[in-house]
Trainee: 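The structure under discussion is supplied below as structure tokens; questions concerning it will follow.
Numbered from 1 within each chain, the chains take letters A, B, ... in sequence-line order.
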Amino acid sequence: MIEHIFPDIVDWGYVVTSDITCEYSCIAWAAGDDTRQWWPSPDEGTAYWPPAAPRTLSVDAFAIACATLGYATCEEDDFEVGFEKVALFADGSGKPTHAARQINEIGWTSKVGRLQDIRHPLRALEGEKYGRVVRIMKRSLPTPR
Amino acid sequence: MAVVAPAEADVATRIGHSALRLDAPADARALSARLHDSDADPVVVSGLDRLTDDAWRQLDRLRTHITRDRLTVLVLSPPSAERLARHAPNLASIFGSFLRWEETPARPAAPAIDEAAQVEFDRLARSWLEETQSLSSLTRMTRHPAYQAIIAMGESAIRPILRDLQRAPELWGPALHAITGALPVPAADAGRVARVADAWLAWGRENGYVW
């Protein structure tokens, strides 16, 4: 099913890492929350959105939502020891479409719609479905004691 | 128990199917005898408007024959309640305080599910699920033509949606909100798909929907 949606992903390489579920969304998963849907839709209960972030469909609103978790915009998507990164995707009109979270130097993790989580190279999900990566954000990981 | 209620109130049905309905005779002795001889529990006595003031006074004197170790409910109109209190004060004191009957508006019977609407919903839902399963954007999901068509079904889509939610939680909240305007999901449960579904199912039951 993933390969039907992203025909080129086989060439990039990917691994399915969960069962199919609609319990959480991509941005929730990128934020580390697998208990609920996140989305800046009108506030009628279907989706959670950080109160400090505007309920608007914009990359800036998504960036503010990530900022509530300690993320700040950075330039590079390469892996940096001691940091955790998220990537925001947007379509041709600049509307947010997806978010992914970096897990190590070779992989990112994404919740694909109402399907599974997958581990993948970041650029493997760029294309017709999700547009392209438009912003990278990072935060410091807690220092081990 | 004494209940002050309009004549048309069906007190016996409200109390329970096991209640004995007794239409009071005008003669106090006859009424006293029927209550005394009845083992029913409860007995609901109506038609007390036909008792005269003298009949009430006679019932007051016969009160030991009327009181039972089982429940007796006197259904009284306001004038009868006043006559009981005035002409049978000892009997009134046995019954204690008078309960005022509260009519609740009858809930209209929920219509059977519209089979044509169910078929149409199933078709649109299948299309929507297949074509949006990879989308992360809730905005794009709910703007999908099939989802919008379900919203456009209006009232006829509510039962099929609730039936689908009963089967498995899905992102039908925006559709139900668009159709009904309701906001049943507690803020603390926002985004928790199963709890959102439960909130809408509870809303459906509270509003008389059967699916």
Trainee: Which atoms of A:Ser41 are under 4.5 Å from chain B, going by heavy atoms: the side chain, the backbone, both sets, or neither?
Mentor: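 Side chain of A:Ser41 only, per the 4.5 Å heavy-atom cut-off to chain B.
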Trainee: At a heavy-atom distance under 4.5 Å, which candidate from A:Gln37, A:Glu23, A:His4 has the highest pair count against chain B?
Mentor: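 The candidate making the most pairs under 4.5 Å is A:Gln37.
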Trainee: Specify the closest pair of heavy atoms between B:Pro174 and A:Thr46, including all atoms of both residues, with the distance to one decimal.
Mentor: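 The answer is CD-OG1, 3.0 Å.
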Trainee: Side chain, backbone, both or neither: which part of B:Pro186 has an atom under 4.5 Å from a heavy atom of chain A?
Mentor: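 Neither part.
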Trainee: Given the rule in the side chain to side chain contact (heavy atoms under 4.5 Å, CB included) test, do B:Val185 and A:Glu44 qualify, once you have shown the distances and angles that lead to the verdict?
Mentor: CA-CA 7 Å; B:Val185 181; A:Glu44 41 73 24; 5.7 Å; no
Trainee: Is it the side chain or the backbone of B:Leu183 that comes within 4.5 Å of chain A heavy atoms, both, or neither?
Mentor: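 The side chain, not the backbone.
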Trainee: What's the separation between atom OG in B:Ser137 and atom NZ in A:Lys95, rounded to the nearest 0.5 Å?
Mentor: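 Taking OG in B:Ser137 and NZ in A:Lys95, the distance rounds to 10.0 Å.
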Trainee: How about CZ on A:Arg55, more than 12 heavy atoms from neighbouring residues, nucleotides or ligands closer than 6.0 Å, or not?
Mentor: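 Yes, the 6.0 Å shell around CZ holds more than 12 heavy atoms from other groups.
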Trainee: Is any side-chain heavy atom of A:Lys111 closer than 4.5 Å to one of B:Ser136?
Mentor: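 Of all side-chain heavy-atom pairs linking A:Lys111 with B:Ser136, none is under 4.5 Å.
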Trainee: Check the surroundings of atom CZ in B:Arg50: do more than 12 heavy atoms from other residues, nucleotides or ligands lie under 6.0 Å from it?
Mentor: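 Counting other residues, nucleotides and ligands, CZ of B:Arg50 exceeds 12 neighbours.
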Trainee: Any chance you could lay out the side chain to side chain contact (heavy atoms under 4.5 Å, CB included) test for B:Val196 and A:Arg36, step after step, and finish with the verdict?
Mentor: CA-CA 10 Å; B:Val196 172; A:Arg36 52 189 171 178; over 6 Å; no
Trainee: Is B:Arg140 in contact with chain A via its backbone, its side chain, both, or neither, using a 4.5 Å heavy-atom distance?
Mentor: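 Only the side chain of B:Arg140 comes within 4.5 Å of chain A.
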Trainee: More than 12 non-hydrogen atoms from neighbouring residues, nucleotides or ligands closer than 6.0 Å to CZ on B:Arg63, yes or no?
Mentor: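 For B:Arg63, atom CZ is crowded (more than 12 foreign heavy atoms under 6.0 Å).
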Trainee: First locate atom CG of B:Leu135, then atom OG of A:Ser25, and finally report the distance between them rounded to the nearest 0.5 Å.
Mentor: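 Reported value, rounded in 0.5 Å steps: 12.5 Å.
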Trainee: Heavy-atom pairs under 4.5 Å with chain B are the metric here; pick the option from A:Tyr48, A:Trp39, A:Tyr24 that has the most.
Mentor: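 That would be A:Trp39.
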Trainee: Non-hydrogen atoms of chain A under 4.5 Å away: do they reach the side chain of B:Leu176, the backbone, both or neither?
Mentor: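 For B:Leu176, no heavy atom lies under 4.5 Å from chain A.
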Trainee: Which heavy atom of B:Val193 sits nearest a heavy atom of A:Cys22, and at what distance?
Mentor: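 Of all heavy-atom pairs spanning B:Val193 and A:Cys22, the closest is CG2-O, 3.2 Å.
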Trainee: More than 12 non-hydrogen atoms from neighbouring residues, nucleotides or ligands closer than 6.0 Å to CD on A:Glu128, yes or no?
Mentor: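 It does not: A:Glu128 CD has 12 such atoms or fewer within range.
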Trainee: Does a sphere of radius 6.0 Å around CG in A:Asp19 hold more than 12 heavy atoms from other residues, nucleotides or ligands, not counting ones at 6.0 Å or beyond?
Mentor: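 Open: at most 12 neighbouring heavy atoms sit under 6.0 Å from CG of A:Asp19.
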Trainee: Could you tell me which of A:Ile5, A:Leu115, A:Asp33, A:Val112 has the largest number of non-hydrogen atom pairs under 4.5 Å with chain B?
Mentor: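 Ranked by heavy-atom pairs under 4.5 Å with chain B, first place is A:Leu115.
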Trainee: What part of B:Thr132 lies closer than 4.5 angstrom to a heavy atom of chain A: side chain, backbone, both or neither?
Mentor: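 Contact with chain A: backbone and side chain both.
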